[in-house]
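What follows is a short report on a single structure.
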Amino acid sequence: MTQPGNETATYRSRAKINLYLDVLDRRPDGFTNIETIFQSIDLWDELRFSPAPDRTRFTCNLTALADPGGNLAVRAAELLRRHTGEGRGIAIHLEKRIPVAAGLAGGSGNAAATLIALNESWELGLAPETLADLAAELGSDVPFCLAGGTVAATGRGEVLETLPPLPPQWLVLAHPPLAITAGHAYGHPRLTRNLTPPENGKTPQFRAALDALGRGDVAGLVFNRMESGVFHDHPELASLKDALLEAGCAASAMSGSGPTVFGLCDSEAAARRAAARITACATSVVATAGCGVERVA
């Protein structure tokens, strides 16, 4: 019988969009407080984990990402080693499908999948709360990516409140060939922060968005405050948003710090019609998803 830790396991880590993203005040720790509604989508990377004699070995289908230095999946494995004293090796192969530096949390999802996979493969027995604490050390989006689905987040994005799953939604993702760092978007001089004092942990604007979600008015809550700065530097993204709306999407916004722009549609057919009208860049048609990480083999 194959023993745990001696088999190859394959996981999918799904991308996310921000249906709603507001930027609040700066924090003493250098991060920024946000209010957001995360939503997993059915666009994924695939990670294969195999036993290795020692250390962490990493390969990737994209040459540009083949260097393990700084890769979030590798950092997640090394963080688990330090936390637990685990000495076994692991070989990680990443099949990258989610665009890089696109506001879709692809790297964060890879880190979340690694935490989940190695907690199982190495039989570490770490509680979900412990994995969430480790995830927060790796990045603000990683705690969400552990669970996925539809989630309200505050703090720097690590304080999570699971929301009822959305009815199936269809999206067009527009993928312009740009790379925008979160640091640039958060620090943009044209970014106007929401400085309204929160009431019981949430601003009135966020409560209104959550109320709209509760009524099923998903299109009515779609918003991203970061657009003001990013669109100033990249007006082609504003044009993409307009094009998605003109193509029939019920709502459109940039995801995270960009550059991905998404459009919300009421059916797969409507999404495919809208995608066919976008000629400025590559597109994907995807549905919403109920989880962030899943084992598939």
Are any of the side-chain heavy atoms of [X] and [Y] separated by less than 4.5 Å?
| X | Y | value |
| --- | --- | --- |
| Cys265 | Leu171 | no |
| Arg14 | Val293 | no |
| Val296 | Tyr11 | no |

Report yes or no: does [X] contribute a side-chain atom to a donor-acceptor pair with the main-chain N or O of [Y] at less than 3.5 Å?
| X | Y | answer |
| --- | --- | --- |
| Asp42 | Ala289 | no |
| Asn224 | Gly256 | yes |
| Arg81 | Arg88 | yes |
| Thr150 | Pro165 | no |
| Asp217 | Gly220 | yes |
| Asp22 | Glu35 | no |
| Ser228 | Arg225 | yes |
| Ser255 | Gly103 | yes |
| Thr84 | Leu80 | yes |
| Ser40 | Gly149 | yes |

Determine the minimum heavy-atom distance between [X] and [Y], stating which atoms define it.
| X | Y | answer |
| --- | --- | --- |
| Leu163 | Val151 | CD1-C, 4.0 Å |
| Asn110 | Ser13 | ND2-OG, 3.0 Å |
| Pro204 | Thr196 | CD-CG2, 3.8 Å |
| Ser257 | Ile180 | O-CG2, 3.3 Å |

Ignoring hydrogens and angles, state whether a donor on the side chain of [X] or [Y] is under 3.5 Å from an acceptor on the partner side chain.
| X | Y | result |
| --- | --- | --- |
| Thr10 | Glu46 | no |
| Arg57 | Ser50 | no |
| Ser140 | Arg156 | yes |

Q: Under the side-chain hydrogen bond (donor to acceptor under 3.5 Å, both in side chains) rule, collect the residues that match up with Asn33, sequence neighbours excluded.
A: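 Expected list: Asp25, Arg27.
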
- Given Ser252, which of Leu240, Val261, Asp242, Leu264 fulfils the side-chain contact (heavy atoms from CB on, under 4.5 Å) condition?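 Passing option: Val261.
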
Which residues pass the salt bridge (Lys or Arg N to Asp or Glu O under 4.0 Å) test with [X], not counting sequence neighbours?
| X | answer |
| --- | --- |
| Arg295 | Glu7, Glu120 |
| Glu236 | none |
| Glu95 | none |

Sequence neighbours excluded, the answer for ring pair (Phe, Tyr, Trp, His ring centres under 6.0 Å) partners of His175 is none

Q | Qualifying residues under ring pair (Phe, Tyr, Trp, His ring centres under 6.0 Å), relative to Phe223, sequence neighbours excluded | A |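 Phe223 satisfies ring pair (Phe, Tyr, Trp, His ring centres under 6.0 Å) with Tyr20 once adjacent residues are dropped.
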
For this session: Please assess Ile90 against Trp122 for the test side-chain contact (heavy atoms from CB on, under 4.5 Å), listing each intermediate value before the final yes or no.
Result: CA-CA 9 Å; Ile90 194 74; Trp122 287 342; 3.9 Å; yes

Go through it in stages, so that I can follow the logic: the residues are Thr36 and Phe144, the test is side-chain contact (heavy atoms from CB on, under 4.5 Å), and I'd like the CA-CA distance, side-chain angles, deciding distance and then a yes or no.
CA-CA 11 Å; Thr36 190; Phe144 161 73; over 6 Å; no

Hey, are [X] and [Y] close enough for a salt bridge, meaning a charged N less than 4.0 Å from a carboxylate O?
| X | Y | result |
| --- | --- | --- |
| Arg75 | Glu78 | no |
| Lys241 | Glu227 | yes |
| Lys96 | Asp45 | yes |

### Task
Give the intermediate values and the outcome of side-chain hydrogen bond (donor to acceptor under 3.5 Å, both in side chains) for residues Arg272 and Ser267.
CA-CA 9 Å; Arg272 296 200 179 280; Ser267 68; over 6 Å; no

Test side-chain hydrogen bond (donor to acceptor under 3.5 Å, both in side chains) on Lys202 and Asn200; report intermediate values, then the result.
CA-CA 6 Å; Lys202 296 183 178 71; Asn200 297 319; over 6 Å; no

Please evaluate residues Phe49 and Thr8 with respect to the criterion side-chain contact (heavy atoms from CB on, under 4.5 Å), reporting the C-alpha separation (whole Å), side-chain torsions for both, the decisive distance (0.1 Å), and the verdict. CA-CA 5 Å; Phe49 300 89; Thr8 296; over 6 Å; no

* To do: Kindly determine whether Thr288 and Gln39 satisfy side-chain hydrogen bond (donor to acceptor under 3.5 Å, both in side chains), including the steps that lead there.
  => CA-CA 7 Å; Thr288 52; Gln39 176 60 56; 4.6 Å; no

Next on the checklist: If hydrophobic clusters are built from ILVMFWY residues whose side chains come within less than 4.5 Å, do Met254 and Ile278 share one?
Outcome noted: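 Yes, same cluster.
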
Verify side-chain hydrogen bond (donor to acceptor under 3.5 Å, both in side chains) between Asn61 and His93, making sure each step is shown before the conclusion. CA-CA 8 Å; Asn61 65 312; His93 177 74; 5.5 Å; no

